[in-house]
Amino acid sequence: MAFVGLREAVSPLIAHMSRLTGEAAKVQTINRLDDLRRAVDALKIGGKSIAFVPTMGALHEGHLTLVRQARSRADHVVASIFVNPRQFGPTEDLDAYPRRMAADAALLEAEGVAILWAPTVDQMYPDGYATNISVTGVSDVACGAARPGHFDGVATVVCKLFNQVRPDVALFGQKDWQQLAVIRRMARDLDLTQPPVDNIIGVETVREASGLAMSSRNQYLTEGERGQAAELSAAMRRAIAAIVGGADVGASLEAMKAEILAAGFTSVDYGDLRDAQTLEGLHEWDGREARLLVAARIGAARLIDNMAVG
Ligand code: PAF
């Protein structure tokens with residue numbers, strides 16, 4: 001215990017010295033909540049700020065972009081990797097979800113992350129755990145309708161992660177636009193201060209050269225499916241151009257879905273135009289900030305994407 005405490009106390013100093021020498025400091029991987037609390041306290045000494053990047057691992061360039069932005073917004077970065085069982089439905093890919101802790105830790109270390117919080121399921125949901133956070137409204141449509149209970153699982157684990165890490169700022173990918181809306185609503189409704197809702201930052205989606213939005217689930221795609229999957233974002237761009245050009249919204253969305261199916265997707269869960277903040281469905285576009293949100297299945301993958309309209 002004493003040794004862990006000492007290491008945690010000196011690690012911000014080592015990180016600072018490593019920044020001066022240009023050498024990456026070692027990331028501390030922590031699996032127990034009491035160790036995390038001590039390590040976070042040590043990082044905060046002298047009023048230092050913390051930016052937090054929650055993930056489920058299988059890190060890609062999208063996650064690393066979040067980490068880089070986090071570094072520019074605070075003195076220290078804490079990242080988490082936790083494949084959260086509560087946000088997977090009974091027939092979903094919880095067991096198949098890619099897990100590569102050692103490789104992910106190395107990537108985070110190279111990006112200068114101070115702490116990798118990697119709790120076990122027992123640490124997160126100990127025996128007798130009984131609390132659920134459910135955000136109505138923004139959770140009810142799109143992925144919320146297609147994946148019942150998913151956003152309860154997300155809101156619950158993110159609220160716990162915020163309470164555990166106590167960050168000044170938290171960063172999420174805009175690729176999960178609805179998730180970001182749910183988390184912001186939850187933070188506002190529960191008067192969270194660590195982080196305050198205005199410091200919940202959405203970072204632009206990182207795409208492959210083909211236009212395919214980066215996602216840990218892209219690993220489920222075969223080489224051929226990867227090429228077909230790129231058509232999703234192309235069809236979305238065409239629909240947005242049509243809508244902004246004054247075409248009928250319903251007809252543009254139907255044409256987009258037909259193009260997605262023609263590209264080789266087996267089904268389209270939804271393809272909706274929605275208000276960017278409230279996620280209210282829009283049958284007409286009146287120039288407001290809106291978002292085109294799509295979920296579609298190809299091979300073993302269910303891919304989601306969204307883009308700004310206008
Ligand atoms: O976006 C994710 O990876 C997850 O939904 C999150 C926010 C880490 C919660 O488990």
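Residue indices begin at 1 and follow the sequence shown. Whatever order the structure lists ligands and atoms in, that order sets their numbers, starting from 1.
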Legend entry - Per-atom contacts, ligand 1 versus Val157 - under 4.0 Å to a heavy atom: 9 (C), 10 (O)

Inset, instruction - Describe, in one word, how the ring planes of Tyr125 and Phe82 are oriented to each other, choosing from parallel (under 30°), tilted (30 to 60°) and perpendicular (over 60°). - result: tilted

Legend entry - Polar side chain donor-acceptor pair, Asp75 to Ser49, under 3.5 angstrom: yes

Legend entry - Heavy-atom nearest neighbour in the protein, as seen from atom 7 (C) of ligand 1, with distance rounded to 0.1 Å: Gln179 NE2, 3.4 Å

Inset, instruction - Answer with side chain, backbone, both or neither: which part of Thr55 has a heavy atom less than 4.0 angstrom from an atom of ligand 1? - result: backbone

Inset, instruction - Could you tell me whether Asp189 and Arg185 make a salt bridge, using a distance below 4.0 angstrom between a side-chain N and a carboxylate O? - result: yes

Legend entry - Step-by-step side chain to side chain contact (heavy atoms under 4.5 Å, CB included) determination, Arg184 to Phe172: CA-CA 11 Å; Arg184 285 190 170 131; Phe172 296 85; over 6 Å; no

Inset, instruction - Would you check the N or O atoms of Gln87, main chain and side chain alike, for any that come under 3.5 Å of an N or O of ligand 1? - result: yes

